[in-house]
Amino acid sequence: MTSHDSRATSERVQTRQLDLLYSYSRLPQWLMLLSAFGIVLVMWSHVAHNLLLGWLAVVAGLALLRAILVRRYRACTATERQRLRWYALFYLGNLASGLCLAFVHIYIVPLEHFELQAVAYALATGIALCVSIIYATQFLAFLSFAVPAWLPATLYLLAQDDPTSPYWGLIGITLAGCLLLAAAFLNRTASAILAANERNKALVRKLDDAHQQSEELNQQLTQEINQRRQAERELRQSHEELEGRVAERTAALQAASERLKASEARLNLAIEASQLGLWDWNLATDEVFHSDLEAIFGLPDAAATHMRLHLQPLVHPDDRELVRSTLIDHMKGRSPSYRIEYRIRHAEGHWVWVEDSGRAVEWDSQGRVSRMIGTRRDVSERLGREQQAQLAATVFNATAEGIFILDPDFTILTVNQAFCFITGYSADDVCGMPMHRLSDDPDRNRFYQHLQSTLDSEDRWQGELMEQRRSGERYPQWLQLTVVRNQKGQITHYVGFFSDQTSHRQTEQRLQYLANFDPLTQLANRNLFTQQLEEAVSRARQFQQDVALLHLDLDRFKHINETLGHHVADNLLRQVAQRLLDTAGDSAAVARLSADEFVLIVEGHLTRPELGKLAELLLQALRRPLQLDGHELVITASVGISLFPHTARDGLLLITQANQAMQHAKHLGGNGYQFYSDRLQAHGIERLQLENQLRKALDDNQLVVYYQPKQDLPDGELRAAEALVRWQHPERGLLAPGAFIELAEETGMIIRLGHQVLQAACEQASSWYQSGQPVQVAVNLSVQQLRQRGFAEQVADILRTTGLPASYLQLELTESMLLEQLEVVEQNIAALRQQGITLAIDDFGTGYSSLAYLKRFPISTLKIDRAFIAGLQQAAEDAAIVRAIIVMGHSLGLQVVAEGVENERQRQLLAEYQCDQLQGYLIGRPMPAEELTPMLSRHANANNG
């Protein structure tokens with residue numbers, strides 16, 4: 001593309017952008033005017049009326065001026081639109097509009113009313129966002145509006161001393177920055193697209209010019225060919241005249257010559273009429289004479305003088321074997337003549353179908369064919385017509401729509417198979433029958449008369465009818481009729497197309513049902529529930545009553561789905577839905593939101609005790625045992641309740657609050673209900689903040705590992721320690737695991753957290769091992785880590801990269817992990833033990849203690865829970881349990897560790913019980929590795945001394 005073309009393209013792009021700006025400019029102004037009315041209504045009781053009305057008048061004036069400006073711009077020519085004044089007027093209008101929005105924040109909204117600020121800023125900021133997005137494709141237009149709209153108001157708010165204004169200012173800066181980046185990106189993209197479109201249009205114009213030149217050359221070539229043919233005809237005519245004069249002078253041969261010439265003339269006329277090309281082939285010399293070479297092959301007469309050399313290579317590769325076998329059969333005397341159709345390459349490059357007929361006329365002394373004659377003609381057009389006719393017949397009979405053809409009197413001439421299938425009539429039954437006879441409706445004849453008169457004037461009609469099958473069944477039919485006229489404009493036929501709309505109607509009804517109802521439980525789905533909730537809220541506002549929303553979520557439904565399968569889970573959901581309907585009755589509308597979430601809408605004058613009683617009835621109904629495919633299940637649920645208008649002001653807030661209350665009920669252990677309160681919202685926000693902070697902590701390596709030493713009995717050696725994670729929070733200081741481990745488990749961050757702790761613990765253990773102070777480090781695992789495929793390989797990689805022998809790593813499991821009936825958990829445990837890693841059961845005796853898993857899994861250590869150790873001195877039961885665990889562990893060949901040892905008396909008793917290891921504050925509190933290392937050294941030196 002030349003520099004001139006580039007400049008032209010750039011000017012077109014700029015003009016197009018300005019056209020788009022003026023096309024969209026009225027919408028932002030009217031949006032501003034609409035928002036201005038909203039702001040005036042909100043502020044009418046709090047701001048001086050003169051100020052509000054004056055500001056509203058300015059906004060309305062800007063809208064009117066913008067409308068006048070757009071009208072004048074559209075009335076201008078393309079040349080006049082390129083003047084700079086249109087850009088200047090547009091940008092000045094944007095500047096004034098932006099300043100009007102800034103005026104709202106600075107002079108109209110009172111700073112001491114937060115509620116008014118929220119409403120007014122929402123309206124002003126919302127319209128500013130909309131207008132900015134509309135102008136985002138033109139960066140200067142965006143800046144001319146966004147800068148005066150955002151900058152003065154943001155600076156003003158930042159400069160205020162009240163508690164809320166600086167925050168509003170910060171929000172304004174954030175939104176302005178995001179909009180600026182988005183606008184820059186959109187502007188660059190839109191400019192590139194417009195430029196690309198203009199370049200493409202230029203290329204299309206060039207292609208059109210080239211195509212036109214090609215057409216002109218083709219017309220010139222056709223004219224030259226016609227001139228050449230005319231010259232040949234004139235030459236032939238001159239030759240015939242010359243022969244006539246010669247014939248007149250040769251009287252002796254006149255009769256024979258006349259008969260010969262008459263016969264030749266008839267033959268030539270027949271050949272020309274049939275478009276035949278004659279050929280004469282001498283097989284001995286391969287010379288061939290061929291007439292009409294140019295018409296058939298596109299070759300001049302002198303270009304094809306030999307059959308095998310010039311003409312045979314033009315045969316299509318797929319047809320050569322057919323041509324060869326046909327000629328061989330004829331030459332061997334198997335046929336008196338032959339006729340075959342095949343393709344040859346035209347001089348212009350396309351393939352032409354020819355019909356080749358010939359026979360042998362001379363043989364040599366050995367009986368071999370020496371001469372053949374025949375004809376060839378181009379049959380491409382005939383074959384094309386035959387294929388089109390065959391295709392039309394195939395489409396006519398294969399289409400799923402019924403098709404029929406009528407004569408001008410509306411008598412049926414022919415029908416397709418679909419017509420017979422839909423109506424039940426055979427073709428013999430209806431051909432020759434008037435169209436109105438297909439139905440016993442007495443008004444059908446008048447209808448077709450009216451339809452015929454309509455078609456005479458409009459040539460086409462379509463609409464839906466109720467037609468009748470042969471069986472008498474009536475069905476909806478979509479009919480289209482088209483008129484066929486001859487060259488004189490007279491109607492020769494009517495062609496009708498129709499389709500059976502029965503299945504379409506059924507599909508529409510099914511889709512309408514699926515759009516509003518859950519196909520599994522037959523309850524209302526989310527779409528219908530939303531409508532019902534909005535209608536309930538509207539009625540509550542109108543009649544001054546309440547609306548309660550109960551959000552119910554099944555406890556541990558995912559576990560049932562994964563263990564018993566989707567079929568059982570689906571049957572469970574159906575029974576749950578039925579129990580909810582039976583319990584709620586007509587007092588509530590029940591809907592299913594998602595897999596295991598249901599909602600109930602209750603209307604009327606409601607009290608919290610009544611709603612609590614309803615929730616308890618629902619929970620009791622769900623707790624009744626269920627029999628599903630041989631399984632007896634007891635289902636519990638968590639219910640959250642929100643109430644309009646007490647806690648929520650609209651339906652969307654009702655849904656959000658009910659969900660938060662349900663999540664809180666589930667967090668408390670499930671099988672209960674909770675009402676929404678402001679405390680829940682604060683708790684949810686705090687929990688969300690903690691979740692985000694924990695994610696950042698994982699990215700910024702804020703997690704640190706502390707180590708609590710373990711003491712061997714009876715020698716007192718320190719040969720092991722437990723790795724315990726801590727969070728060095730930048731604001732709250734050092735946090736214990738209880739503050740964040742549960743959150744990590746719920747959000748799935750426990751996998752990444754556990755990996756970091758395991759990596760750090762192995763690195764530290766390797767450091768101790770390399771320095772000659774080998775310490776076995778115990779690391780707690782999460783069940784989510786064990787559920788990961790390839791977890792054992794990850795541990796092996798950590799041991800390999802840190803250089804720590806597997807025997808110096810111990811992984812602590814809980815009893816509940818061993819109850820996981822998952823193949824991947826068992827595979828990971830077996831693989832870890834095979835690597836040489838020792839496995840310990842943490843908090844033994846407090847969970848689902850069973851000797852079965854001690855036999856089933858390769859456990860090497862039992863850790864007695866601190867609850868039993870704490871009561872060792874006072875409660876005889878605790879002492880008996882501790883002794884029993886130690887004896888049992890030793891009998892199974894397991895090492896036993898006591899947790900929570902805090903005084904010397906506990907140590908003495910555990911030594912008497914022959915406990916293997918002690919852990920607790922008596923031995924040492926959890927400490928950083930820098931503090932534990934010298935402690936290990938001192939202890940080792942004391943024992944050696």
Side-chain angles (χ1 to χ4, degrees), residues 273-275 341 353 355 378-511:
S274 61
Q275 297 180 341
E341 293 179 353
W353 280 95
E355 180 187 76
D378 186 348
V379 294
S380 300
E381 185 176 352
R382 176 177 63 80
L383 291 178
R385 290 196 300 269
E386 291 177 356
Q387 290 177 354
Q388 290 180 355
Q390 183 178 5
L391 180 61
T394 302
V395 172
F396 181 78
N397 285 312
T399 182
E401 290 186 333
I403 302 176
F404 56 87
I405 300 176
L406 308 176
D407 67 7
D409 296 327
F410 260 49
T411 300
I412 300 174
L413 299 179
T414 184
V415 298
N416 70 343
Q417 296 178 1
F419 179 99
C420 301
F421 177 78
I422 296 173
T423 64
Y425 291 97
S426 66
D428 295 337
D429 293 336
V430 297
C431 289
M433 180 188 295
M435 191 66 184
H436 68 272
R437 293 278 301 278
L438 294 179
S439 174
D440 55 8
D441 187 350
D443 296 329
R444 187 61 64 192
N445 187 24
R446 289 193 299 273
F447 169 75
Y448 279 114
Q449 290 177 355
H450 173 72
L451 183 60
Q452 189 172 6
S453 62
T454 302
L455 289 170
D456 290 345
S457 58
E458 298 182 5
D459 282 355
R460 185 176 180 86
W461 181 90
Q462 61 180 357
E464 185 169 309
L465 306 174
M466 286 301 297
E467 279 294 353
Q468 181 176 314
R469 307 187 202 272
R470 185 173 187 173
S471 62
E473 175 192 358
R474 301 188 67 82
Y475 68 98
Q477 179 190 96
W478 181 259
L479 175 64
Q480 301 180 62
L481 280 171
T482 303
V483 173
V484 179
R485 298 181 184 270
N486 59 18
Q487 295 180 350
K488 297 180 180 180
Q490 298 171 336
I491 297 177
T492 61
H493 298 87
Y494 298 96
V495 180
F497 305 84
F498 70 90
S499 60
D500 186 351
Q501 297 292 297
T502 303
S503 60
H504 180 68
R505 289 284 182 82
Q506 294 173 349
T507 301
E508 284 183 346
Q509 294 173 358
R510 178 63 178 167
L511 291 175

Rounded at 0.5 Å granularity, tell me how far [atom1] in [X] sits from [atom2] in [Y].
X: Met433; Y: Asp428; atom1: CE; atom2: CG; result: 11.0 Å
X: Tyr475; Y: Ser499; atom1: OH; atom2: OG; result: 9.5 Å
X: Arg485; Y: Asp459; atom1: CZ; atom2: CG; result: 4.0 Å
X: Thr482; Y: His493; atom1: OG1; atom2: NE2; result: 14.0 Å
X: Phe421; Y: Arg469; atom1: CZ; atom2: CZ; result: 8.5 Å

Exercise. Enumerate the residue pairs fulfilling salt bridge (charged side-chain N to carboxylate O under 4.0 Å, His left out) with a member in residues 414-426, sequence neighbours excluded, ordered by first and then second residue.
Key: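 For residues 414-426: none.
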
Quiz item: Which residue pairs satisfy the salt bridge (charged side-chain N to carboxylate O under 4.0 Å, His left out) criterion with at least one member in residues 407-420, sequence neighbours excluded?
Solution: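 Sorted result for residues 407-420: empty, none.
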
Side-chain heavy atoms of [X] within contact of [Y], under 4.5 Å:
X: Leu406; Y: Ile412; result: yes
X: Phe497; Y: Leu479; result: no
X: Leu455; Y: Phe410; result: yes

Quiz item: Who are the side chain to side chain donor-acceptor pair (under 3.5 Å) partners of Thr411, not counting sequence neighbours?
Solution: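 Side chain to side chain donor-acceptor pair (under 3.5 Å) check on Thr411 returns nothing, list empty.
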
Quiz prompt | With sequence neighbours excluded, residues passing side chain to side chain donor-acceptor pair (under 3.5 Å) with Thr454 | solution = none

Exercise. Would you please classify the geometry between the Phe419 ring and the Phe498 ring as parallel, tilted or perpendicular, with 30° and 60° separating the classes?
Key: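 Phe498 vs Phe419 ring planes: perpendicular.
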
Exercise. Could you go through the side chain to side chain contact (heavy atoms under 4.5 Å, CB included) check for Val483 and Tyr494 one step at a time?
Key: CA-CA 5 Å; Val483 173; Tyr494 298 96; 3.8 Å; yes

[X] and [Y]: which non-hydrogen atoms are nearest, and at how many Å?
X: Gly496; Y: Leu481; result: CA-CD2, 3.5 Å
X: Thr492; Y: Pro408; result: O-CD, 3.3 Å
X: Cys431; Y: Leu413; result: SG-O, 3.5 Å
X: Arg474; Y: Met466; result: NH2-O, 2.9 Å

Exercise. Look only at the side chain of Asn416 and the backbone of Glu401, and say whether a donor-acceptor pair between them is shorter than 3.5 Å.
Key: yes

Quiz item: Of all residues at least two apart in sequence or in a different chain, which pass the salt bridge (Lys or Arg N to Asp or Glu O under 4.0 Å) check with Glu381?
Solution: Arg385

Exercise. Report the residues that fulfil salt bridge (Lys or Arg N to Asp or Glu O under 4.0 Å) with Asp429, sequence neighbours left out, ordered by chain and then residue number.
Key: Arg470

